[in-house]
Amino acid sequence: MSNRTGITMGGNPITLLGTEAVVGEKAPQFTVVDNGLNPVTLANFAGKVKLISVVPSIDTGVCSIQTKRFEEEVAKLENVAMITISVDLPFAQKRFATENNLTHNQLLSDYQTHDFGIEYGFEIENLALLARGVVVIDQDDVIRYVEYVKEVTTEPDYEAALSVVKVL
């Protein structure tokens with residue numbers, strides 16, 4: 001059974017496009033952009049544990065809470081790349097990061113190609129937004145944890161994701 005079945009947004013069923021991320025498999029490469037519009041790939045984080053927080057838009061309440069919570073948690077850890085990916089424009093992400101003093105959480109945008117959304121199966125059909133979720137990738141680029149949040153308007157299971165990160 002797929003980890004992506006029965007996902008809703010505001011109680012309404014949604015369809016996710018792309019390839020489902022599966023624990024134990026090699027993490028697919030992807031290209032997103034930073035707030036200077038420079039390409040960033042999975043290879044940019046080589047040798048680190050990657051905690052990828054996926055959100056529809058940083059300018060919404062739950063996404064803001066999720067981004068700040070992971071910032072707070074990762075600040076206590078070493079050798080962890082904290083990455084938040086959304087389709088927000090890089091300018092909005094830069095503003096959000098500055099306003100919220102984010103120093104441990106790199107906000108990256110999938111707005112240009114939706115490469116991450118398709119490669120990891122978070123792209124919401126007909127909305128061009130990413131569903132909410134979390135992916136943990138180890139130092140060898142193997143997926144170790146995936147959560148596709150069942151109701152996009154609710155928060156992920158922080159403790160489950162962080163417990164995997166701490167073990168790695």
Side-chain angles (χ1 to χ4, degrees), residues 3-4 16-58 63-98 100-123 129-149 155-168:
N3 187 14
R4 300 186 315 158
L16 297 182
L17 304 176
T19 306
E20 181 176 351
V22 177
V23 172
E25 290 188 359
K26 193 77 170 167
Q29 288 297 321
F30 61 85
T31 302
V32 290
V33 295
D34 66 16
N35 61 36
L37 299 176
N38 301 301
V40 176
T41 68
L42 185 63
N44 285 84
F45 308 100
K48 292 188 172 193
V49 172
K50 280 89 46 194
L51 173 54
I52 303 174
S53 173
V54 188
V55 298
S57 176
I58 54 163
C63 298
S64 175
I65 290 166
Q66 180 174 336
T67 303
K68 292 175 195 176
R69 170 78 185 272
F70 277 128
E71 163 80 9
E72 179 183 304
E73 296 290 344
V74 170
K76 305 169 193 170
L77 305 174
E78 292 183 23
N79 202 38
V80 176
M82 179 65 238
I83 305 159
T84 295
I85 300 179
S86 70
V87 294
D88 292 296
L89 292 178
F91 318 110
Q93 291 179 334
K94 182 178 182 179
R95 174 195 41 78
F96 183 90
T98 300
N100 292 283
N101 300 310
L102 301 183
T103 58
H104 296 89
N105 192 341
Q106 186 168 0
L107 276 59
L108 300 171
S109 180
D110 200 23
Y111 88 99
Q112 285 182 333
T113 62
H114 294 257
D115 189 40
F116 175 84
I118 296 299
E119 290 297 327
Y120 285 75
F122 282 93
E123 180 85 9
L129 292 173
L130 300 178
R132 183 176 318 285
V134 181
V135 179
V136 176
I137 302 169
D138 72 13
Q139 299 93 325
D140 298 317
D141 291 341
V142 174
I143 298 170
R144 297 298 178 192
Y145 176 85
V146 178
E147 178 186 10
Y148 294 92
V149 177
E155 293 175 62
D157 186 342
Y158 300 108
E159 296 310 319
L162 289 165
S163 67
V164 172
V165 169
K166 291 172 184 173
V167 168
L168 297 172

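For reference, positions follow the sequence shown, starting with 1. As the structure is a computational prediction, the values presented were derived from the model and not from experiment.
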Using modelled atom types only, decide if a donor and an acceptor are shared between the side chain of [X] and the backbone of [Y] within a distance under 3.5 Å.
| X | Y | result |
| --- | --- | --- |
| Gln112 | Val32 | no |
| Tyr148 | Ala21 | yes |
| Asp110 | Asp115 | yes |
| Asn100 | Leu102 | no |
| Glu123 | Leu17 | no |
| Gln106 | Ile83 | no |

Evaluation steps, side-chain contact (heavy atoms from CB on, under 4.5 Å), between Val49 and Val136
CA-CA 7 Å; Val49 172; Val136 176; 4.2 Å; yes
Answer yes or no: is there a side-chain heavy-atom contact under 4.5 Å between [X] and [Y]?
| X | Y | answer |
| --- | --- | --- |
| Arg95 | Asn35 | no |
| Val134 | Leu51 | yes |
| Glu147 | Tyr158 | no |
| Phe96 | Ser64 | yes |
| Val74 | Asn105 | no |
| Glu119 | Thr19 | no |
| Lys94 | Asp34 | no |
| Tyr145 | Ile52 | no |

Taking all heavy atoms of [X] and all of [Y], pick out the closest pair and write down the distance.
| X | Y | result |
| --- | --- | --- |
| Ile58 | Cys63 | CA-CB, 3.9 Å |
| Thr31 | Pro39 | CG2-CB, 3.9 Å |
| Val149 | Glu155 | CG1-O, 4.1 Å |
| Arg132 | Val55 | NH1-CG1, 3.8 Å |
| Met82 | Phe70 | SD-CB, 3.6 Å |
| Ile143 | Pro28 | CD1-CD, 4.1 Å |

Once rounded to the nearest 0.5 Å, what's the spacing between atom [atom1] of [X] and atom [atom2] of [Y]?
| X | Y | atom1 | atom2 | answer |
| --- | --- | --- | --- | --- |
| Asn79 | Gln139 | CG | CD | 6.0 Å |
| Ile85 | Leu108 | CD1 | CG | 6.0 Å |
| Glu25 | Ile137 | CD | CD1 | 12.0 Å |
| Lys50 | Leu168 | NZ | CG | 9.5 Å |

Under the side-chain contact (heavy atoms from CB on, under 4.5 Å) criterion, do Phe45 and Asp141 qualify, and how do the steps go?
CA-CA 9 Å; Phe45 308 100; Asp141 291 341; over 6 Å; no
Please test Ser109 against Asp88 for side-chain hydrogen bond (donor to acceptor under 3.5 Å, both in side chains), starting from the C-alpha separation and ending with a verdict.
CA-CA 6 Å; Ser109 180; Asp88 292 296; over 6 Å; no
Is the closest basic N to carboxylate O distance between Arg69 and Glu159 below 4.0 Å?
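Looking at Arg69 and Glu159, the cut-off is met.
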Angle class for the Phe122/Phe116 ring planes (parallel below 30°, perpendicular above 60°, tilted otherwise)?
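Parallel.
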Classify the side-chain pair Ser53/Gln66 by whether it contains a donor and acceptor separated by less than 3.5 Å.
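There is such a pair (donor and acceptor under 3.5 Å, judged by atom type) between the side chains of Ser53 and Gln66.
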